[in-house]
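Working notes, beginning with the structure itself.
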Amino acid sequence: MIFSSISRAAAAAVLLCTVGQARPAGLMSQVKRDNALKFDFGGEKIRGVNLGGWFVLEPWITPSIFEATPDNVIDEYTLCETLGKAEAHNRLHAHWDSWIVESDFSEMAGIGLNFVRIPIGYWSVFPNDGDPYVQGAYDYLGKAIGWASNHGIKVMIDLHGVPGSQNGFDNSGQRGDVRWTQGGSVDQTKNALNKIRDDWAGHDSVAAIELVNEPMGPSLDMDTVRQFMMDAWGNLKSSNVAITFHDAFEGVNSWNDWGSGMWSLLLDTHHYEIFDSSSLQLGIDDHVSTACAFGSSMSTNNKWTISGEWTGAMTDCAKWLNGRGVGARYDGTYYYNGQGSSYIGDCAGKFTGTVAGFGEADHNNIGTFINAQIAAYEKADGWIFWTWKNEAAPEWHFQNLTAAGLVPQPFSTANGC
Ligand SMILES: *[C@@H]1O[C@H](CO)[C@@H](O)[C@H](O)[C@H]1NC(C)=O
């Protein structure tokens, strides 16, 4: 109520006066006392990376897998459909076996990371009859949890693709229409989450489970989405995990009126400044102030709030970032679903190689932007970078960005915002 009638800053001030502490009311009451969570949410900051492109393929993260297929292969669904189960099985198992290995976890621990978010598709948990997808990633998830445990890293298991696709993005498994919530898809989603709960919620290293990644609120019935969140929460509420829900693109401050009487809720918001023309036109100073203002708005929420995806990128130039064959808004080559774009700057030769290949200005600006975002998100409860590694998108490659000195070591909020 408060948030709709007065400005966000004023609302935050009202809450601060009311409760006389640094974070708004509600945070304490949401934590169930007898519920031993495995991470000090709200105390210690989450500092994590996503293991993107491992169990849910994305053409821009591993272009080599897609370059070895015809142009109609645009996501994991069409890859499996086109190659057939036997060949898809061979290629995917080779990928699962090599993309992330235990030494990645020791390296993550070595640079101070305390969390990994691991995207997985429903088809790896509970396959649907008739799907072309192949099985096996769920076993590798188990391996990953063991490695995380060996190196003292907590895991968020993130249900990244649900039946019918919750957002139409290739990273849901199937690019195109948003058909989630139709037919039995919500029940199938809850079943997958219950299996993840039964198999993994009791593990010492599994500190969080995310109900569904990026449901496309503006295209879905939000009453249905909220009901799903509440029902799925109910199924997980006796587990000792933070029950993580994405803001459904409804705005990071739009969930304060929701969730009363519920506990262990962790709000996940994703912050990118590259998927619309006006953000792409910002200079470095405006990118920094936009991120810092976003971090401030995260910190006024009455729930633990993290930026569960973000990047060092200030353009969308990485090859196939918007989908195989789609182009970039930055250089005006984007064309998708009847929407085009106009030229802002040149992508050629930029941001398509390695971190080591950045020019001096890009090196400095990307480092400044990363530093600012760490400070911004640590005003709230922390961050999980997208992504740990990839084949050819340097601004999205946390491992290499850190090695090249573009991430403060040790992690620090100094000089950030
Ligand atoms: C990351 O670093 C490795 C090892 O130096 C290198 O082979 C790879 O090309 C780099 N990738 C990017 C995107 O920077």
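Both ligands and their constituent atoms are indexed starting at 1 by order of listing. Small disclaimer: the values here were computed from a predicted structure and weren't measured.
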Checklist entry - Between His270 and Trp383, is the ring centre distance below 6.0 Å? => result no
Next on the checklist: Would you say the rings of Trp60 and Trp396 are close, in the sense that their centroids are separated by under 6.0 Å?
Outcome noted: yes
Next on the checklist: Tell me whether the NZ or CZ atom of Lys303 lies within the 45° cone about the ring axis of Trp255 and under 6.0 Å from its centre.
Outcome noted: no
Next on the checklist: On the six-membered ring of Tyr334, is Arg329 placed so that its NZ or CZ lies under 6.0 angstrom from the centre and within 45° of the ring axis?
Outcome noted: yes
Go ahead and list the nitrogen or oxygen contacts between ligand 1 and the protein that come in under 3.5 Å, distances to 0.1 Å, or just say none.
unit_1	atom_1	unit_2	atom_2	d
ligand 1	2 (O)	Asn400	OD1	3.0
ligand 1	2 (O)	Asn400	ND2	2.4
ligand 1	11 (N)	Asn400	ND2	2.8
ligand 1	14 (O)	Val355	N	3.0
ligand 1	14 (O)	Asn400	ND2	2.8

Next on the checklist: Is there a side-chain contact between Leu401 and Phe385 in this structure, where contact means two heavy atoms from C-beta onward sitting under 4.5 Å apart?
Outcome noted: yes
Next on the checklist: Parallel, tilted or perpendicular, judged at 30° and 60°: which one describes the rings of Trp310 and Phe398?
Outcome noted: perpendicular
